[in-house]
Amino acid sequence: METLLVTGAGGQIGSELVPALRARFGVERVIASDIRIPTSAGTVTEGPFEHLDCTHPEQLREVIRRHDVRTVYHLAAMLSAVAEERPQTAWHLNMDGLYNMLEVAREYRCAMFFPSSIGAFGPTTPRDRTPQDTAQRPTTMYGVTKVAGELLCDYYAHRFAVDVRGLRLPGLISHVAPPGGGTTDYAVEIFYQAIRYRHYTCFLRADTAIEMMYMPDALDGMLRLMEADPARLRHRNSFNISAMNFTPERLAAEIRKHIPDFVIDYDVDPTRQAIADSWPRSIDDNAARSEWYWAPRYDISAMTQDMLQKLGARLKRAR
Ligand SMILES: NC(=O)c1ccc[n+]([C@@H]2O[C@H](COP(=O)([O-])OP(=O)(O)OC[C@H]3O[C@@H](n4cnc5c(N)ncnc54)[C@H](O)[C@@H]3O)[C@@H](O)[C@H]2O)c1
């Protein structure tokens with residue numbers, strides 16, 4: 001059985017990817033790692049954990065060698081809104097961290113997953129049914145690092161035969177760990193506030209349509225892609241994937257079906273609004289569907305029902 005490493009494992013995705021990988025490959029086979037040492041017992045600490053800073057290649061090399069890691073899910077990165085506040089640090093983490101990881105993957109013949117983003121598109125990209133292969137001229141530091149990351153991953157795949165594969169993830173909705181400072185965080189915050197206070201003030205305009213996905217589908221996509229037959233992959237870094245797209249007012253209406261007195265109002269943050277306005281409204285994911293049989297299960301109504309039920313139960317227990 002192979003050993004896997006997850007970097008940035010304490011974040012929104014890692015908190016759920018690590019348990020999903022451990023359920024599949026065995027607890028001892030999945031090494032969680034992060035620059036932050038987990039402060040409380042949680043899913044990430046229920047198994048091997050390494051304190052690891054991806055901007056230090058020697059730390060990566062040492063952990064990969066010691067555990068004989070075969071596959072890496074490289075999640076450590078700075079997200080869109082925080083990257084815009086600290087662009088130099090974002091470049092250092094998102095690019096140098098990725099380069100270090102690719103170099104170690106080349107040396108030790110590891111397979112690798114790279115999470116790109118819809119942030120890799122920009123204002124000159126067609127915003128409706130955004131094609132797989134299209135203009136990518138993002139205007140944010142986050143987007144710049146994601147496009148450059150896609151190119152660097154493809155370079156390592158072609159030049160050094162590193163088996164690196166990626167997804168352009170949309171905004172992710174989940175109830176285990178809070179989001180880490182992205183433009184789509186509103187679609188998670190809204191559920192916490194709806195359950196607790198029946199009221200939410202949204203930082204995006206009511207009519208801002210963006211691609212979104214429920215975490216179980218995103219995890220399924222990552223695992224499926226990494227297990228796909230390489231002979232079928234015409235693309236690598238990175239695949240468009242789509243599950244649902246909606247506006248804040250549409251999501252509020254869906255929540256109101258379960259919490260009729262829920263109220264949403266708006267206090268628009270110009271920085272995050274500008275980022276959202278440069279992203280696709282909907283995505284064409286035919287390449288993922290045909291090359292590795294991508295098939296999401298959750299639409300907006302199934303996701304909303306599950307979020308309210310699972311998060312509601314958790315917040316009740318925490319009281
Ligand atoms: N969450 C989303 O909606 C979304 C959407 C598209 C793409 N992505 C991508 O998926 C990846 C993971 O996203 P997330 O939402 O889990 O992010 P997050 O911000 O929740 O977590 C990132 C983790 O990386 C860790 N980290 C920071 N600096 C580090 C370093 N130097 N070394 C090691 N770890 C470090 C942080 O402590 C944190 O736990 C990122 O590459 C992100 O760009 C996320």
Side-chain angles (χ1 to χ4, degrees), residues 5-18 20 31-39 42-45 49-60 63 72-84 86 89-101 104 112-121 138 140-150 153 166-189 210-215 217-219 221-222 237-243 272 275-276 279-280 283:
L5 172 71
V6 180
T7 70
Q12 187 190 6
I13 298 180
S15 300
E16 297 194 52
L17 177 64
V18 168
I31 319 295
S33 72
D34 204 289
I35 196 171
R36 286 182 297 168
I37 297 174
T39 47
T43 46
V44 166
T45 51
F49 177 84
E50 292 282 350
H51 184 214
L52 181 59
D53 181 345
C54 295
T55 62
H56 291 274
E58 68 287 356
Q59 294 184 16
L60 283 172
V63 168
V72 180
Y73 287 78
H74 179 57
L75 304 182
M78 198 178 275
L79 299 197
S80 57
V82 275
E84 234 21 58
R86 296 160 61 206
T89 316
W91 174 268
H92 179 49
L93 172 58
N94 295 12
M95 290 317 301
D96 295 340
L98 175 63
Y99 171 76
N100 295 338
M101 197 65 257
V104 178
M112 196 174 140
F113 172 77
F114 168 66
S116 186
S117 157
I118 53 169
F121 298 117
T140 61
M141 178 52 91
Y142 182 67
V144 168
T145 65
K146 289 300 183 187
V147 181
E150 289 186 5
C153 287
L167 296 177
R168 289 181 186 134
L169 295 169
L172 295 182
I173 301 158
S174 68
H175 53 81
V176 174
T183 303
T184 51
D185 289 9
Y186 91 83
V188 177
E189 291 170 4
I210 315 185
E211 269 290 330
M212 297 280 182
M213 186 174 292
Y214 197 31
M215 189 63 86
D217 278 333
L219 300 180
M222 291 178 216
N237 301 285
S238 289
F239 281 94
N240 282 1
I241 50 170
S242 166
R272 285 181 285 188
I275 296 175
W279 286 0
I283 296 279

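When a residue number appears, it is its place in the shown sequence, counting from 1. One-based numbering, in listed order, for ligands and for the atoms of each.
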S.K.: Got the closest protein heavy atom to atom 3 (O) of ligand 1, with its distance?
M.R.: L172 N, 3.0 Å

S.K.: Can you tell me if OH on Y99 sees more than 12 non-hydrogen neighbours from other groups inside 6.0 Å?
M.R.: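 Not more than 12 within 6.0 Å, no.
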
S.K.: Would you check whether S116 has a nitrogen or oxygen atom less than 3.5 angstrom from a nitrogen or oxygen atom of ligand 1?
M.R.: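 Such a contact does not occur with ligand 1.
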
S.K.: Which bit of P179 is near ligand 1, meaning a heavy atom under 4.0 Å away: side chain, backbone, both or neither?
M.R.: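 For P179, no heavy atom sits under 4.0 Å from ligand 1.
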
S.K.: Within the structure provided, determine whether I118 and I210 are in side-chain contact (heavy-atom separation under 4.5 Å).
M.R.: yes

S.K.: Tell me whether ligand 1 is touched by Y142 - counting only heavy atoms on the residue side and a distance under 4.0 Å.
M.R.: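 Within the 4.0 Å threshold, so yes.
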
S.K.: Report the nearest protein non-hydrogen atom to atom 22 (C) of ligand 1: residue, atom name, distance rounded to 0.1 Å.
M.R.: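 Ranked first by proximity to atom 22 (C) of ligand 1 is A77 O, 3.9 Å.
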
S.K.: Is a donor from one side chain sitting under 3.5 angstrom from an acceptor on the other, for E211 and S242?
M.R.: yes

S.K.: Search all heavy atoms of P57 against all heavy atoms of V104 and return the closest pair with its distance.
M.R.: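 Shortest heavy-atom separation between P57 and V104 comes out as O-CG2, 4.3 Å.
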
S.K.: Under a heavy-atom criterion of less than 4.0 Å, does M78 contact ligand 1?
M.R.: no

S.K.: Specify the protein heavy atom at minimum distance from atom 29 (C) of ligand 1: its residue, its atom name, and the distance to 0.1 Å.
M.R.: I35 CG2, 3.5 Å

S.K.: Find all atoms of ligand 1 within a distance of less than 4.0 Å from any non-hydrogen atom belonging to A76, and give their numbers and elements.
M.R.: 24 (O), 33 (C), 34 (N), 35 (C)

S.K.: Can you check whether P115 reaches L75 side chain to side chain, under 4.5 Å on heavy atoms?
M.R.: yes

S.K.: Can you sort out which atoms of ligand 1 are near L52, meaning under 4.0 Å from one of its heavy atoms?
M.R.: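 The atoms of ligand 1 under 4.0 Å from a heavy atom of L52 are 32 (N), 33 (C).
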
S.K.: Among all protein heavy atoms, pick out the one at the shortest distance from atom 40 (C) of ligand 1; state its residue, atom name and that distance to 0.1 Å.
M.R.: L75 O, 3.3 Å

S.K.: Give a yes or no on whether the backbone of R168 and the side-chain of S117 come within a donor-acceptor separation of less than 3.5 Å.
M.R.: no

S.K.: Quick one: does T7's side chain have a donor or acceptor within less than 3.5 Å of a partner on A76's backbone?
M.R.: yes

S.K.: Indicate yes or no: at least one non-hydrogen side-chain atom of S116 is less than 4.5 angstrom from one of N237.
M.R.: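 No. Closest side-chain heavy atoms not under 4.5 Å.
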
S.K.: Please report the closest heavy-atom contact between R36 and F49, naming both atoms and the distance.
M.R.: O-CZ, 3.6 Å

S.K.: With a 4.5 Å cut-off on side-chain heavy atoms, are F121 and I283 touching?
M.R.: yes

S.K.: Using a plain distance cutoff, I'd like to know if H74 has any nitrogen or oxygen under 3.5 Å from a nitrogen or oxygen of ligand 1.
M.R.: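 H74 vs ligand 1: no N/O contact under 3.5 Å.
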
S.K.: For atom 36 (C) of ligand 1, what is the nearest protein heavy atom, given as residue, atom name and distance?
M.R.: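 Answer, as residue, atom name and distance: D34 OD1, 3.4 Å.
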
S.K.: Of the backbone atoms (N, CA, C, O) and the side-chain heavy atoms from C-beta on, which set of S33 has a member under 4.0 Å from an atom of ligand 1: side chain, backbone, both, or neither?
M.R.: neither

S.K.: Touching ligand 1 at all, A177? Heavy atoms, strictly under 4.0 Å?
M.R.: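 No, A177 has no heavy atoms under 4.0 Å from ligand 1.
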
S.K.: For atom 31 (N) of ligand 1, what's the nearest protein heavy atom and its distance?
M.R.: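 Residue, atom and distance for the closest contact: D53 OD1, 2.8 Å.
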
S.K.: Can you pull out the closest protein heavy atom to atom 32 (N) of ligand 1? Residue, atom name and distance to 0.1 Å, please.
M.R.: C54 N, 2.9 Å

S.K.: Under a 4.0 angstrom heavy-atom cut-off, which atoms of ligand 1 come close to L93?
M.R.: 27 (C), 28 (N), 29 (C), 30 (C), 31 (N)

S.K.: Locate the shortest heavy-atom distance separating V18 from A32; write the atom from each residue and the value.
M.R.: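 Closest approach of V18 to A32, heavy atoms only: CG2-CB, 4.1 Å.
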
S.K.: For the backbone of G10 and the side chain of D34, can you confirm whether one donor and one acceptor N or O come within less than 3.5 Å of each other?
M.R.: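 Confirmed, D34 side chain pairs with G10 backbone.
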
S.K.: Please confirm whether S15 comes under 4.0 Å of ligand 1, counting heavy atoms of the residue only.
M.R.: no

S.K.: With the side chain counted from C-beta on, respond yes when H74 and C54 share a heavy-atom pair under 4.5 Å apart, and no when they do not.
M.R.: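 The answer is yes; the side chains approach within 4.5 Å.
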
S.K.: So is T7 close enough to ligand 1, meaning a heavy atom under 4.0 angstrom away?
M.R.: no

S.K.: I need the atoms of ligand 1 closer than 4.0 Å to a non-hydrogen atom of G10, numbered in the order shown.
M.R.: 39 (O)

S.K.: Only heavy atoms count here, so choose which of A9, G11, P170, S238 is nearest to atom 4 (C) of ligand 1.
M.R.: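 When every heavy atom of A9, G11, P170, S238 is considered, P170 comes closest to atom 4 (C) of ligand 1.
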
S.K.: Heavy atoms, side chains only, cut-off 4.5 Å: are E50 and Q59 in contact?
M.R.: no

S.K.: Is the contact between I118 and ligand 1 made by the side chain, the backbone, both, or neither, using heavy atoms and a 4.0 Å cut-off?
M.R.: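 No part of I118 is near ligand 1 at this cut-off.
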
S.K.: What protein heavy atom sits nearest atom 24 (O) of ligand 1, and how far away is it?
M.R.: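 Nearest neighbour among protein heavy atoms for atom 24 (O) of ligand 1, to 0.1 Å: G8 CA, 3.4 Å.
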
